[in-house]
Amino acid sequence: MLALQKLRPEPGIALHDVAAPAAPGPGDVLIAVEATGICGTDLHIAAWTSGYASMKSAMPVTLGHEFCGRVLQAGPGVPVEAAGQRVTVRPSVLCHDCAACHAGDFDHCTGRKGVGIGRNGAFAAQVLVPWENCVAVPIAMPPEVAALTEPMTVCHEAVETAGIRPGDRVLVIGPGTIGQGIALFAEVAGAAEIVVVGHDDAARLATVRELGFPNTADSFGRSLTEAVAPWTGAGLFDVVIEAAGVPSIVPEALSLLRKRGVLVIAGIHAAPATIDLTALVRDHKQIRGTYRAPVEAWPQVVDYLSKNAARVGEMITARLPISRADEGFRLAAAKRDSKVIILQDEVRS
Ligand SMILES: [Zn+2]
Ligand SMILES: [Zn+2]
């Protein structure tokens, strides 16, 4: 089968023929992949920016951690009803061997391996995963929408971390998939006003508006403060959620918060940020980090996606077969597209 792999710890990815996975072992299932999203993490791994050195021991490794598929074959110990189910997969696989796992404290597992990072992933026709990582997806849900579940759980967790309350005014910095999903869940939480700002980001901001969020701004050629000025006349924001990964905007993001406001950092930052802590202290502001969502969030997010499939589908701006995965990576890196999905041939229409 064709698989998109990381072969060596250096820039680049390779599409080539690999053997299909072996029959699933105890607790595992073999998934026939239907749709896989290209994520910012995949772009970082392809470009080989810092932070992924631990992948080296898994190479060559098939990438792809945001996906949906059907259970083709179930290993020993997996319930019989698993066969044929459509699922999406939590990519974080527990080791079941570290002190935390033995103590039942799975959230603190120190031996996690990410599907599509530390073990083979879903830019391929088939992938082996533990059944315990599978989350059921309604059969009527479009596979490409189900493949958005993983990034959308990250968005869900960012909004939970922010503690958005009905009536809040929310600024989202970064109009990519994560910023878009944060806007959607901020709406669910009852935010009264949601402003999304980008930087030289006309295409993705257009997608934000198509999703139903008219309040967008572009900070290209001006400061963030200037870009959002049309909305700060009425007062500063209750919540600012940063999903751009740009450390230099963190001080400005803080200055756009009202007293006792909450800044949530969802972006991955390649360098430290410098902030005025005295201003933070005197204004009782809070900075909170957010990352992977808890297991319980997954069925909730699947439910939201299945009920809002047509609207959420607007986040997907390109669909390509695996044979054109290279092109998909170029599109995703160019910032013109929002989510780029790789579809396996059987489900491509
Ligand atoms: Zn991802
Ligand atoms: Zn563990």
Side-chain angles (χ1 to χ4, degrees), residues 4 6 13 27 33 35-47 49 51-52 54-55 57-58 61-69 88-124 127 129-130 132-133 135 143-158 174 176-182 184-185 204 243-245 266-269 290-295 297-298 301-302 305 312 315-318 325 328-329 331-333 335 337-342:
L4 187 72
K6 187 77 186 171
I13 42 175
V33 177
T36 310
I38 300 177
C39 166
T41 297
D42 298 315
L43 300 177
H44 285 298
I45 292 169
T49 51
Y52 298 94
S54 65
M55 285 180 70
S57 59
V61 63
T62 303
L63 304 182
H65 61 269
E66 305 179 351
F67 63 103
C68 160
T88 186
V89 177
R90 288 186 294 105
S92 183
V93 175
L94 299 172
C95 76
H96 288 296
D97 204 28
C98 69
C101 279
H102 283 304
D105 178 17
F106 300 118
D107 198 43
H108 289 97
C109 171
T110 54
R112 286 174 190 277
K113 280 201 163 84
V115 173
I117 297 173
R119 53 182 281 158
N120 285 333
F123 287 128
V127 59
V129 298
E132 69 173 10
N133 283 61
V135 180
E144 62 183 35
V145 172
L148 295 173
T149 307
E150 192 272 344
M152 288 296 279
T153 62
V154 172
C155 304
H156 185 269
E157 180 65 5
T177 302
I178 299 298
Q180 292 168 15
I182 287 169
L184 286 164
F185 286 124
R204 297 194 300 182
I268 300 294
H269 296 247
T290 182
Y291 192 49
R292 185 176 52 234
V295 176
W298 282 69
V301 170
V302 167
L305 291 176
V312 177
M315 292 168 73
I316 301 165
T317 55
F329 269 62
L331 290 176
K335 267 189 20 171
D337 278 283
S338 288
K339 184 56 79 181
V340 178
I341 297 275
I342 301 297

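Remember, it's 1-based here, ligands and their atoms both numbered in the order they're listed. When a residue number appears, it is its place in the shown sequence, counting from 1.
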N, O or S from Asp42 under 2.8 Å to the Zn ion (ligand 1):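 Checking Asp42: none of its N, O or S atoms is under 2.8 Å.
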- Under 3.5 Å, is there a donor-acceptor pair between the side chain of Thr88 and the main chain of Phe67? yes
- [ ] Decide yes or no on side-chain contact (heavy atoms from CB on, under 4.5 Å) for Cys39 and Lys339, but give the supporting numbers first.
- [x] CA-CA 8 Å; Cys39 166; Lys339 184 56 79 181; 4.3 Å; yes
Checklist entry - Taking the side chain as C-beta and beyond, is there a heavy-atom pair between Phe106 and Val295 under 4.5 Å? => result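 A side-chain contact under 4.5 Å is absent here.
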Side-chain touch Leu63/Met55, heavy atoms, less than 4.5 angstrom: yes
Practice task
Please find out if the Zn ion (ligand 2) and some N, O or S atom of His102 are separated by less than 2.8 Å.
Solution key: no
When you measure from the Zn ion (ligand 2) to the N, O or S atoms of His96, does any of those distances fall below 2.8 Å? no
Would you sort out whether His102 and Asp97 count as a side-chain contact (heavy atoms from CB on, under 4.5 Å), showing the intermediate values?
CA-CA 6 Å; His102 283 304; Asp97 204 28; 3.7 Å; yes
For Glu66, what is the atom name of its N, O or S atom nearest to the Zn ion (ligand 1)?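 Atom name of the closest N, O or S in Glu66: OE2.
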The angle formed at the Zn ion (ligand 1) by NE2 of His65 and SG of Cys39 is about (to 10 degrees) 110°
